[in-house]
Amino acid sequence: MKINIITLAVHHLEKTAAFYRGVLQLPEDQVSKGEDHIAFFFDENFSLVLYPREEVASTTGQLNLNPSSNELILSSFVECRQDVDDILRRATLANGNVIKQGIANEWGYSGYFADPDGHVWEISTT
């Protein structure tokens, strides 16, 4: 089994999509806007999809979705320390929240940011 899609419930679809466009800097042919979602395609086997919180609640039958996102960390490995720092800088410029600046640790170098809905990302390199 492998994970092909991660769907994030968001409060403001367009605002969060603009954030990810600024941080991820994917070419437009790797971004798709549907009627009720926006998808970011990293390769043919993996995508990140943003859905309005109400749509996720309706689809899953969870009428009282907990708006907290801090119990999940999404991680991405990059080539070098400069890439970690660049992504954290872009997250700040896109109105994200850098939780922890890049710092050396026992497994390499990493930093953390949260998107406008509080979803936490770890950006690391070895």
Roughly how far, to the nearest 0.5 Å, is the [atom2] atom of [Y] from the [atom1] atom of [X]?
X     : Y     : atom1 : atom2 : result
Ile3  : Ser47 : CD1   : OG    : 11.5 Å
Asp86 : Cys80 : CG    : SG    : 7.5 Å
Phe40 : Leu24 : CZ    : CG    : 6.5 Å

Does [X] use its side chain to pair, donor to acceptor, with the backbone of [Y] at less than 3.5 Å?
X      : Y      : result
Asp117 : His119 : no
Glu122 : Tyr112 : no
Thr126 : Gly108 : no
Ser58  : Glu54  : no
Thr16  : Val10  : no
Asn4   : Asn45  : yes

* salt bridge (Lys or Arg N to Asp or Glu O under 4.0 Å): pairs with one or both residues in residues 3-19, sequence neighbours excluded ->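 Qualifying pairs: Glu14-Lys33.
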* Asked: Is a side-chain donor-acceptor pair under 3.5 Å present for Ser110 with Asn105?
  ->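 Judged by distance alone, the side chains do pair up.
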Are any non-hydrogen side-chain atoms of [X] and [Y] less than 4.5 angstrom apart?
X     : Y      : answer
Arg90 : Gln25  : yes
Leu26 : Tyr20  : no
Ser75 : Trp121 : no
Asp85 : Tyr109 : yes

Taking atom [atom1] as the centre, does [X] end up with more than 12 heavy-atom neighbours from other residues, nucleotides or ligands that are less than 6.0 angstrom away?
X     : atom1 : answer
Asp36 : CG    : yes
Glu35 : CD    : no
Phe77 : CZ    : no
Glu79 : CD    : no

* Asked: In terms of the angle between their ring planes, are Phe113 and Phe19 parallel, tilted or perpendicular, with boundaries placed at 30° and 60°?
  ->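 Geometry flag for Phe19 against Phe113: tilted rings.
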Indicate if [X] and [Y] have the same hydrophobic cluster label, given that clusters are the connected sets of ILVMFWY residues with side-chain heavy-atom separations under 4.5 angstrom.
X      : Y      : result
Phe41  : Ile38  : no
Ile123 : Ile103 : no
Ile99  : Leu93  : no

* Mind checking what makes salt bridge (charged side-chain N to carboxylate O under 4.0 Å, His left out) contact with Glu28, not counting sequence neighbours? ->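 Listed in chain order: Arg21.
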* Is there a side chain to side chain contact (heavy atoms under 4.5 Å, CB included) between Ile6 and Leu74 once you walk through the steps? -> CA-CA 9 Å; Ile6 293 179; Leu74 301 161; 3.7 Å; yes
Which atoms form the tightest heavy-atom contact between [X] and [Y], and what is the distance?
X     : Y      : value
Leu50 : Leu13  : O-CD1, 3.5 Å
Val84 : Gly102 : CG1-CA, 4.4 Å
Val98 : Leu88  : CG2-O, 3.4 Å
Ala94 : Val23  : CB-CG2, 4.1 Å

* Take Leu48 and Leu8 through the side chain to side chain contact (heavy atoms under 4.5 Å, CB included) test and state the conclusion after the steps. => CA-CA 8 Å; Leu48 174 70; Leu8 299 178; 3.8 Å; yes
